[in-house]
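Data block below; observations after.
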Amino acid sequence: MARGITRATTSTFLAASFLKITPPIWKNPSVSLSVPWTQFICKCSLAHHHHQHPIDMSKYKEAFSMQMAMAGLKPHHRIALGVSGGPDSIALCVLTAGWKTNGISAGESGDFVDGLLAIVVNHGLRSESKDEANIVCNRVSQMGIRCEVAHCDWPDGRPKQGHLQEAAREMRYQAFQKVCAQHQIGVLLIAHHADDQAELFILRLSRNSGVIGLAGMPFISQVFSTHTYSLGGVSNNHGLLLVRPLMNFSKQDMYKICLGGNQDWVEDPTNRSLLFARNRIRMSLRDVSSSIFKSELQAVILACRRTRSFINQVCCKLINQAMVVKDQGYAIIDLEILSPSKVEDICLSKFLSLVLQFISQRYRPVRGSTSKLLLDYIRTFPCKNSLTAAGCYLCPAPGSKGTKTLVCCSVDCPLPSKMEPFHACAFGEQEHHIRSELEQIIADAKSYSDHLVLDESDVHFLNVTSESVLTEAKRLGILSESTYRSILLLQREETKRFKSKTETELSSDLESKHGFQSVNILRSEPLQPGHACYFMSRFFITWKLNEEISSSAFSEEANCDLNLGLENWQCHCRSCVVGHDMVAEVRHMIESDWLYLAKFSKCLSNSGKFQQQRDLLDYRADQIPEKINRCLDYARLSAQSALLSLKSIPAAARGGIPVLVNHKGLLISIPSIGFKHCPCLVVSAEFKPRFQTLSDQLDRSLFNFQPPFHRRSRKV
């Protein structure tokens, strides 16, 4: 919550006049009341106007329902709301509660709207924030919306002032995701509106963003947590679908909706602080925001959004036609189909960025010199060289003679400091159907946009640099001369402020945004049986020991004329490599692993001649009972089968494959290729990337953005 909140009510406004303003109620008495009152005068005038001319809520409700339908959402869907208590989020509460109530019959929730949860985040940065969050929570509950307060923890202490808003935002969305996962909710509505989009446009313009960045926030997007929750044995890494249904509404609309719904809201005095760029831009926009300026600025943003949508369409086509992602976590790009020389630079750069983000699981897109390096590399045909960039290794695909490029995760590259290479989570028993519901929501949303297929002639900024977007918009008549000059002035003022930072501040800013940590090539973490882990944000891994193994568990090995006593096999192998009460460790594959498989597969199998296997496993002869001999023979055949599978995987991509070892570092399983050391061992490894970056850049004109790869699990 903000540093002190101001409670604004309809009754307060109606009691006020231009000559005498009744002060709003301040929750924090220590806050000075010397804040300028101009904003409250404006709202008093608005309330007085509302008293004389009742606000027509039907037009807002109709527009909101249309936006929800475009997002594929229906009243019966379980939905969460991000609520701060300000006019924007309270307006969102008013519209969403009304939309749900009109769309479904009353349920068993008593005084609360069915399937709707408001989430208030207490950032915990001040002593008063807990009380403020509870005030907002109680107020939202009185609206008939079930509400929950999420509390943030700051293990590294309060973030620095220059990074406070960014850090708070990241923590806020982590809290949203955690609460939504606990309540089995896959959709979160956020109250961003058109004025927010305008602020972001000026901010990014001052930071020299390209047309994709200037397009601003998408109507729909997905966020993926750095933490994974396991429910019913299935990983909850589907992400959270963010929907912004108020993007066509203005800030003035927010106040009118609150007044029309007879609801109070709170004002955040820190929104007036000039320490934050957004606040400076917001106040500057108020000084120049005539109706003409607003409409023309929104027209430029719309043109940028159309350009981004066209780029996304091109990328979607390239992904579906020119590349495939394998179960082992690497991709193959067909350069002959891709025809890089015929693709616009901006489209090809976005395509490559999406592919590398997806394979490396890095959240931030590829930009700058790295993007140019990749463009030069991919346009060299046939491909003859290798390249390491953005956490990925690119090289000619084996046997393709340079007509195809292999893209795999580079395990030698440092990882962003915000990425957790490993996270373990216990299985739960609660079933859920979020993924299927989200897929249906996206499919329904796509049906609204299938008719819109943009052509290159429909977009204006495809070949325009970031510096010339405004000039081109003026040339096309999108901007008038006065609006053009006003935007330029806003840009220059904020750019000057941005560049006035000291060298120390800039260094600190870069370190915070792009911090990296080295990753030990043999890093491993413990994994208890019956638990699950995410390995390098890419593979979802589970393992356990079965007490009894039926003959079906031997599959191929049982068909090799090997008598292993298949009838009611008991798990007597707890003293072999698997061991009693073993805790497995997970790491990525190294060269010695496949060399081990090669040696192990050549060991003799006839009874009494296990010396080679004993040498590999460091066993003494008196430690090898007959049933462990059987286990070793089983492992030998499993190694032979795994080697055949391994041959189909390019050598460059093998390093990203997860392997399980025991506490001594001895190999016990490589689930991706079917190897395991014991028939009692049940291991599953599924390529299930945490950040679905090939599909999270959703926009109103492009809802289907799925890569053509198989999401099946490999169990051994």
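Scope of the values below: all heavy atoms of this structure, side chains included, with no hydrogens, waters or symmetry mates.
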Which pair of heavy atoms, one from Leu406 and one from Ala652, lies closest together, and at what distance?
-> CD2-CB, 3.7 Å
Taking 4.0 angstrom as the limit, do Lys256 and Asp56 come out as a salt bridge?
-> no
Close side-chain approach of Leu352 and Ser371, heavy atoms under 4.5 Å | no
Answer yes or no: is there a side-chain heavy-atom contact under 4.5 Å between Pro396 and Lys404?
-> no
N/O donor-acceptor pair under 3.5 Å between Tyr377 side chain and Cys383 backbone = no
Could you tell me which non-hydrogen atom of Trp99 sits nearest to which non-hydrogen atom of Ser65, and how far apart they are?
-> CD1-OG, 3.5 Å
In this structure, CD1 of Ile311 is separated from SG of Cys347 (nearest 0.5 Å) by 5.0 Å
Checking side-chain contact (heavy atoms from CB on, under 4.5 Å) for the pair Tyr60/Asp253: CA distance, chi angles, key distance, verdict?
-> CA-CA 8 Å; Tyr60 293 120; Asp253 292 330; 3.0 Å; yes
On a heavy-atom basis, the closest approach of Ala80 and Ile185 is N-CG2, 3.6 Å
Can you find a side-chain donor-acceptor pair between Ser466 and Asn208 that sits under 3.5 Å?
-> yes
Considering only NZ, NE, NH1 and NH2 on the basic side and carboxylate oxygens on the acidic side, decide whether Asp88 and Lys251 come within less than 4.0 Å.
-> yes
Leu214 backbone acceptor or donor facing Arg308 side chain under 3.5 Å | no
Between CG on residue Leu188 and OG on residue Ser221, distance to nearest 0.5 Å = 9.5 Å
With Glu296, which of Ser291, Ser290, Ser480 fulfils side chain to side chain donor-acceptor pair (under 3.5 Å)?
-> Ser480
Lys350 and Val314, any side-chain heavy atoms less than 4.5 Å apart | no
Donor-acceptor pair, side chain of Ser353 and main chain of Ser349, under 3.5 angstrom | no
For the pair Phe687 and Phe539, name the ring-plane relationship: parallel under 30°, tilted 30 to 60°, perpendicular over 60°.
-> tilted
Check step by step if salt bridge (Lys or Arg N to Asp or Glu O under 4.0 Å) holds for Asp195 and Arg282.
-> CA-CA 8 Å; Asp195 288 33; Arg282 184 181 305 120; over 6 Å; no
To the nearest 0.5 Å, what is the distance between CG (Leu318) and CD1 (Ile337)?
-> 10.5 Å
Report the residue from Leu374, Asp376, Thr370 that forms a side chain to side chain contact (heavy atoms under 4.5 Å, CB included) with Lys372.
-> Asp376
Is there a side-chain contact (heavy atoms from CB on, under 4.5 Å) between Leu285 and Phe293 once you walk through the steps?
-> CA-CA 9 Å; Leu285 282 170; Phe293 177 89; 3.7 Å; yes
Is it true that Glu494 and Arg207 make a salt bridge, defined as a side-chain N closer than 4.0 Å to a carboxylate O?
-> yes
Hey, is CD1 on Ile292 packed in by over 12 heavy atoms from elsewhere, all under 6.0 Å?
-> no
Does the side-chain contact (heavy atoms from CB on, under 4.5 Å) test come out yes or no for Ile649 and Tyr330, once each step is laid out?
-> CA-CA 9 Å; Ile649 302 174; Tyr330 64 94; 4.0 Å; yes
Phe461 to Val469 - nearest heavy-atom pair and separation = CE2-O, 3.9 Å
Using a 4.5 Å cut-off on heavy atoms from C-beta on, say whether the side chain of Thr471 contacts that of Arg475.
-> no
Which heavy atom of Met323 sits nearest a heavy atom of Val355, and at what distance?
-> SD-CG2, 3.5 Å
Can you check whether Glu336's main-chain N or O pairs, donor with acceptor, with Ser339's side chain at less than 3.5 Å?
-> yes
Side chains of Glu467 and Thr465: do they bring a donor and an acceptor to under 3.5 Å?
-> yes
Please round to the nearest 0.5 Å and tell me the distance separating atom CG of Leu462 and atom CZ of Phe310.
-> 5.5 Å
Under 3.5 Å, is there a donor-acceptor pair between the side chain of Thr403 and the main chain of Ser400?
-> yes
For atom CE of Met283, decide whether the heavy atoms of other residues, nucleotides or ligands shown that lie under 6.0 angstrom number more than 12.
-> yes
With no hydrogens and no angle check, is any side-chain donor or acceptor of Ser486 less than 3.5 Å from a backbone partner on Ser482?
-> yes
So, do Thr380 and Lys384 sit near enough that their side-chain heavy atoms are less than 4.5 Å apart?
-> no
Indicate whether the side chain of Ser360 and that of Arg538 have a donor and an acceptor atom separated by less than 3.5 Å.
-> no
Do Tyr173 and Ile190 come within less than 4.5 Å of each other through their side chains, counting heavy atoms only?
-> yes
Gap between atom CE of Met247 and atom CD of Gln67 - 0.5 Å precision | 9.5 Å
Verdict with reasoning, Leu489 to Arg485, per side-chain contact (heavy atoms from CB on, under 4.5 Å) | CA-CA 6 Å; Leu489 181 61; Arg485 292 183 178 278; over 6 Å; no
Are Thr405 and Ile378 close enough that some pair of their side-chain heavy atoms sits under 4.5 Å apart?
-> yes
CZ/Arg280 to CG/Leu203 distance, rounded to the nearest 0.5 angstrom?
-> 9.0 Å
For Ser206 and Gln491, indicate whether the former's side chain and the latter's backbone hold a donor-acceptor pair under 3.5 Å.
-> no
Do Leu242 and Ile220 have side chains that get closer than 4.5 Å, going by heavy atoms?
-> no
Any donor-acceptor pair under 3.5 Å linking the side chain of Ser89 with the backbone of Val83?
-> no
Backbone N or O of Leu189 within a donor-acceptor pair of the Arg244 side chain at under 3.5 Å?
-> no
Enclosure of Glu62 CD (heavy-atom neighbours >12, cutoff 6.0 Å) | no
For Ala198 and Gln298, the nearest pair of non-hydrogen atoms, with its separation, is CB-NE2, 3.9 Å
Donor-acceptor pair, Lys100 side chain versus Pro75 backbone, under 3.5 Å?
-> yes
